[in-house]
Amino acid sequence: MNTLQNDKFLRALLRQPVESTPVWMMRQAGRYLPEYRAIRQQAGSFMDLCKNPELACEVTLQPLRRYRLDAAILFSDILTIPDAMGLGLYFSEGEGPRFHKPIVSAKDIQALTVPDPESALSYVMEAVRTIRKELQGRVPLIGFSGSPWTLATYMLEGGSSKDFARSKALLFDQPRLMHQLLDTLADAVSSYLNAQIAAGAQAVMIFDTWGGVLTPRDYNDFSLPYMQKIVANLTKEAENRTVPSIVFSKGIGHSLVEMMRIGANALGVDWTMNLSDARQMVGDKVALQGNMDPCILYASAERIQQEVQTVLASYGRGNGHIFNLGHGIHPAVDPEKVKVFIDAVHEYSPKYHI
């Protein structure tokens, strides 16, 4: 593997000194870029794009050609594991992800098995290997997965949901069955992320997108412990380096202290809380990633620069901050506004690390 030329992102995750705050964006390879849309059209469908390692590599690298990003993130989808479990993932225009065979019975849950990532998800591992080769050590590569709770919601609802009625009905009415599903998914995610690390991912992230739809009590019972199990099972070192982990639970600011029990090196913070409050809650135990509102990127260049300074000031001086949006970038954002954002982080952050 190539020597890493810019390891600022990895150092920040480990709360080590950096010369400026590293920055990357959730969904940085995606629909806001015209070159992505061209490749997506060429691929035929979103899943065809995900399952083509060369094209997945190309769209992973596209944002790095435009912006001074400090990390690349594997282009894939959080729902690859349920797809490999036989649920049949597909995407409907305007509707998002759907499953041909959602979970409808206890028998469906009991029939689930942990897929072998090197066979059932070989296209992801090949994409990781291809991206690492093409990056040539420029920046680290982030691998990722959905959390067990988030994966379970899609598998039970058959796709996206507004009320999560089927998921919560199972959780409240048959908690043992829900725990069985989550435990199987935790084993699958552990295996999947470790395979990504073996293929070349230098950090891994767990997206607990729907953790915030749970009460604090239910989050502590049905989401947090399964991410804790995954992090405990992760490969901690590869290529003579620590492989850091990040957990992002959207809408879970109230549980940041509890989230430290997961054991990840960093916690993602959405835009609904101040980084200063988050930092006070976690102290020097973990790094924090975030947390600019993605909609700021619809504003003027001056307003974007102002918000970058506000977020940097909110975290304050010292190490352990990775600048990111509080959630994924929106598809309608002007790519030039993204450049303003990324450049502003590079311009204004060094004074916080002197």
Side-chain angles (χ1 to χ4, degrees), residues 24-33 35-37 39-40 42-64 69 71-91 96-99 114-135 139-148 150-151 154-155 159-160 185 188-210 230 234-235 243 245-248 268 324 327-329 331:
W24 70 281
M25 288 185 303
M26 290 184 275
R27 294 195 192 132
Q28 68 187 23
R31 291 177 290 168
Y32 73 103
L33 290 176
E35 55 266 41
Y36 168 85
R37 293 194 293 271
I39 295 289
R40 164 73 175 74
Q42 177 189 333
S45 74
F46 179 79
M47 284 309 293
D48 286 336
L49 177 52
C50 286
K51 292 186 175 184
N52 184 316
E54 287 72 28
L55 295 184
C57 174
E58 169 59 22
V59 295
T60 298
L61 299 180
Q62 283 174 348
L64 274 74
L69 294 159
I73 183 164
L74 164 70
F75 179 80
S76 187
D77 192 81
I78 63 168
L79 298 177
T80 50
I81 286 176
D83 185 53
M85 287 177 156
L87 274 67
L89 178 62
Y90 69 100
F91 286 78
R98 308 292 301 170
F99 285 113
V114 174
D116 177 358
E118 279 293 353
S119 54
L121 292 156
S122 59
Y123 63 92
V124 177
M125 305 314 144
E126 191 54 39
V128 172
R129 287 187 276 267
T130 304
I131 295 162
R132 273 300 304 273
K133 183 180 175 186
E134 293 301 316
L135 275 173
V139 293
L141 175 62
I142 307 166
F144 71 91
S145 174
S147 72
T150 292
L151 298 181
Y154 284 102
M155 295 164 78
S160 302
L185 287 168
V189 172
S190 300
S191 173
Y192 183 49
L193 289 178
N194 280 337
Q196 290 184 39
I197 293 167
Q202 292 148 296
V204 290
M205 182 161 172
I206 301 170
F207 285 93
D208 188 34
T209 310
W210 299 122
I230 292 162
L234 286 177
T235 301
V243 181
S245 55
I246 311 162
V247 167
F248 175 61
N324 206 312
H327 199 237
I329 184 171

Below 6.0 angstrom between ring centroids: does that apply to Phe99 and Tyr154? no

Are any of the side-chain heavy atoms of Pro140 and Trp24 separated by less than 4.5 Å? no

Can you tell me how far apart CG (Leu193) and CE (Met205) are? Round to the nearest 0.5 Å. 11.5 Å

Over all heavy atoms of both residues, which pair between Ile329 and Met25 is shortest? Give the atoms and the distance, please. CD1-SD, 3.9 Å

Just do the side-chain contact (heavy atoms from CB on, under 4.5 Å) check on Met85 and Leu185 with the steps written out, would you? CA-CA 10 Å; Met85 287 177 156; Leu185 287 168; 3.9 Å; yes

Is there a donor-acceptor pair closer than 3.5 Å between any side-chain N or O of Gln196 and the backbone N or O of Phe144? yes

Is there a side-chain contact between Gln202 and Arg132 (heavy atoms, below 4.5 Å)? yes

If only atom types and distance count, is the side chain of Asp83 paired as donor or acceptor with the main-chain N or O of Leu89 below 3.5 Å? yes

Counting only N and O atoms by type, is there a donor-acceptor contact under 3.5 Å from the side chain of Asn324 to the main-chain atoms of Met26? yes

With side chains defined as the heavy atoms from C-beta onward, is the minimum distance between Glu126 and Thr130 less than 4.5 Å? yes

State the OG1-CE distance between Thr80 and Met47, to the nearest 0.5 angstrom. 7.5 Å

Rounded to the nearest 0.5 Å, what separates atom CD1 in Ile73 from atom CG in Leu64? 11.5 Å

Quick check: closest heavy atoms across Cys57 and Ile131, and the distance to 0.1 Å? CA-CG1, 3.6 Å

Taking all heavy atoms of Ser191 and all of Val114, pick out the closest pair and write down the distance. CB-CG1, 4.5 Å

Which heavy atom of Ser190 sits nearest a heavy atom of Ile230, and at what distance? OG-CA, 3.4 Å

Take Arg27 and His327 through the test side-chain contact (heavy atoms from CB on, under 4.5 Å) and record every step on the way to the result. CA-CA 8 Å; Arg27 294 195 192 132; His327 199 237; 3.7 Å; yes

Report the C-alpha distance between Leu79 and Met155 in whole Å, list the side-chain angles of each, state the deciding distance to 0.1 Å, and finish with yes or no for side-chain contact (heavy atoms from CB on, under 4.5 Å). CA-CA 9 Å; Leu79 298 177; Met155 295 164 78; over 6 Å; no

I'd like to know if the side chain of Thr60 reaches the main chain of Phe75, judged simply by a donor and an acceptor atom lying under 3.5 Å from each other, with no hydrogens or angles considered. yes

Taking Thr150 for the side chain and Trp210 for the main chain, is one N or O donor matched with an acceptor at less than 3.5 Å? yes

Kindly indicate whether the side chain of Ile206, heavy atoms from C-beta on, has any atom under 4.5 Å from the side chain of Ser245. no

Heavy-atom closest pair, residues Arg129 and Ala199: CG-O, 3.4 Å

Leu74 and Ile142: CA distance, side-chain angles, deciding distance, side-chain contact (heavy atoms from CB on, under 4.5 Å) verdict: CA-CA 6 Å; Leu74 164 70; Ile142 307 166; over 6 Å; no

Nearest 0.5 Å, what's the CZ-NZ distance between Phe46 and Lys51? 11.5 Å

What's the separation between atom SG in Cys50 and atom CZ in Phe91, rounded to the nearest 0.5 Å? 6.5 Å

Surrounding CZ of Arg37 (heavy atoms of other residues, nucleotides or ligands, distance under 6.0 Å), is the total greater than 12? yes

Hey, are the side chains of Asn194 and Leu234 touching, using non-hydrogen atoms and a 4.5 Å cut-off? yes

Could you pull out the closest heavy-atom pair between Val139 and Ala72, with the gap in Å? CG2-N, 3.7 Å

Between CD1 of Ile197 and CE of Met125, what distance do you get to the nearest 0.5 Å? 10.5 Å

Could you tell me whether the side chain of Tyr192 reaches within less than 4.5 Å of the side chain of Val204, counting heavy atoms only? no

